Number of protein chains: 2
Amino acid sequence: MHSFTEENYLKTIYYLAARQEGEVTTNSLAEMTATKAASVSDMLRKLAEKQLIHYRKYQGVRLTEEGERLALKVIRRHRIWEVFLAEKLGFGWDEVHEMAEELEHIRSEDLVQKLDAFLGYPQFDPHGDPIPSPAGQMPTVEYTKLSEVTIGEEVQVMGVLEHSPEFLQHLDKTGLNLGCRVLVQDVNAFDKSVSVQINHEKTLFVSNEVARNLLVN
Amino acid sequence: MHSFTEENYLKTIYYLAARQEGEVTTNSLAEMTATKAASVSDMLRKLAEKQLIHYRKYQGVRLTEEGERLALKVIRRHRIWEVFLAEKLGFGWDEVHEMAEELEHIRSEDLVQKLDAFLGYPQFDPHGDPIPSPAGQMPTVEYTKLSEVTIGEEVQVMGVLEHSPEFLQHLDKTGLNLGCRVLVQDVNAFDKSVSVQINHEKTLFVSNEVARNLLVN
DNA sequence: ATAAAAATTTAGACTCGTCTAAAAATTTTT
DNA sequence: AAAAATTTTTAGACGAGTCTAAATTTTTAT
């Protein structure tokens, strides 16, 4: 099978490819995996040998079909475990990622399948990210950033772009949870901060930095 | 922290020490961990340096207090995960061990604690083995082998000494599940096989080999 | 009690995944 | 269109954990 490390590289390549246009660079991978560019180069050679990526030296990298299949498998496992940790064990959405980073590598098809059933076949993880199908299809979701919503519109918080515990804890503190209704009352022309009303109750100000990382619709 | 591999060695030393008298030998460890004696020697040197075992060259090995504490932590995690897999996900007692071998190494105190609570603080794993306390105490249980029960006694199946899937599947097939009542009707003087009545219903013959591996109370 | 056998340890090598330093290719600047 | 800066790759090394083969220690048998 494939190693823990290989799985992490494939997953990371998938995420970076989804976020940027074009091929994924060695340096961006080094940054994401907290390693050095030299180590990444080595691993890319190995992954290319195994036909999991398309790799042209100096030109960046792209997943093969098989590579993407594996990446989505890992992401599926990760997100299903996150649902378990949040829904069944009561962990916060700011805590689940780190544990899921380990759990995602447990190698048993059957385990994920049964866990999925136990959880009632969830469609989204605790951050609102869609869970790939067992066959390895990533559902497409059409979300808008809160920073792009026009004044007067009411939307619902569906997910986040930024997944750091700090950001998620900030949202907890301000009450901007998944599913809550947000009415955009005003946008500050100077700093693009947004004045919103939450669940038809309290009003609060959201910085553009935050609004750009909140997915709604 | 300690590596996956170190945790496995400590766990294995604990099991072998519990099963045999005296110190644990290099060869027995090599057999259990499916490695070679040379590899075990190397690892024992490392574990001794870290003060996790008492080690005198050529003389075998014994856990230190700290080593035993760690071993029991791993065993606790293993058994709690086994309960989860069996009770919540519906896996058979012949299937849970292999997955728990991986899950036991997930490093989060909080995770085990919350999982334990979610499961209602179980005292025994699906094979009837006691779950060590959070503080690292192995509960003492007083079981008898079915092979040692006298004719006419009725006992209850409490656990197994042999954990192989083959043995457990055999028990499933014959209906000798955990908790079932067993009345010893007769013991064959020649081959020590036992004639038993199960749950006051069907009668069946149990080989001595099986009876020696069935723990009852 | 000593020779033979068995168990254990050491020596040296290999893979995986990482590193630093240096070399090579690409991109940017002038 | 070179030169400079940046990015990427290669070369060589290291630690963890394993291996085989050889050396050493302990145990068993004669």
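Protein chains get the first letters and strands the later ones, always in sequence-line order, with residue 1 at the start of each. Bear in mind the structure is a predicted one, so any value in this text is a computation, not a measurement. The figures that follow rest on heavy atoms only: side chains count, while hydrogens, waters and symmetry mates do not.
Taking only side-chain nitrogens and oxygens, Ser39(B) never comes nearer than 4.0 Å to OP1 or OP2 of dG17(D). Dashed line: the shortest gap from a side-chain N or O of Asn27(B) to OP1 or OP2 of dA6(C) is not under 4.0 Å. Side-chain N/O atoms of Tyr55(B) include none lying less than 4.0 angstrom from OP1 or OP2 on dT8(C). Within the 4.0 Å cut-off from OP1 or OP2 of dA16(D), not a single side-chain nitrogen or oxygen of Tyr9(B) is found. OP1 and OP2 of dT7(D) both lie 4.0 Å or more from every side-chain N or O belonging to Thr26(A).
In terms of position on DNA chain C, the residue among Thr35(A) and Lys57(A) whose nearest nucleotide sits closer to the 5' end is Thr35(A).
Put simply, CZ on Phe4(A) is 14 Å from P on dG17(D), counting in whole angstrom units. Distance, Lys36(A) NZ to dT6(D) P: 17 Å, rounded to whole Å. To the nearest angstrom, C1' of dG17(D) lies 16 Å from NE2 of His2(B). Distance, Arg56(A) CZ to dT8(D) C1': 14 Å, rounded to whole Å.
The pair Arg45(A)-Glu49(A) meets the salt-bridge criterion, since a charged nitrogen lies less than 4.0 angstrom from a carboxylate oxygen. A salt bridge links Glu7(B) to Arg107(B): one of the charged nitrogens lies within less than 4.0 Å of a carboxylate oxygen.
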#### Entry: Nucleotide-level pairing of DNA chain C, given in dot-bracket where Watson-Crick and G-U pairs need both distances under 3.5 Å and | marks other strands
||||||||||||||||||||||||||||||

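Residues His163(A) and His127(A) place their aromatic rings such that the two centres sit under 6.0 Å apart. A distance below 6.0 Å separates the ring centres of Phe84(A) and Phe84(B).
At a cut-off of 3.5 Å, with distance as the only test, no side-chain donor of Trp93(B) or Asn177(B) sits close to an acceptor on the other residue. Inspection of the Glu162(B) and Ser164(B) side chains reveals an N or O donor paired with an N or O acceptor under 3.5 Å. Side chains of Asn8(B) and His105(B): a donor-acceptor N/O pair is present below 3.5 angstrom, by distance only. Residues Asp191(B) and Ser193(B) have side chains that bring a donor and an acceptor to within less than 3.5 angstrom of each other.
Of all nucleotides listed (dT26(C), dT20(D), dA11(D)), dA11(D) comes nearest to the side chain of Ala38(A).
Between the CD atom in Gln169(A) and the OG1 atom in Thr174(A) there is a gap of 12.0 Å [rounded to 0.5 Å].
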Give me the distances for all protein-to-nucleotides 12-16 of chain C N/O pairs that come in under 3.5 Å?
none

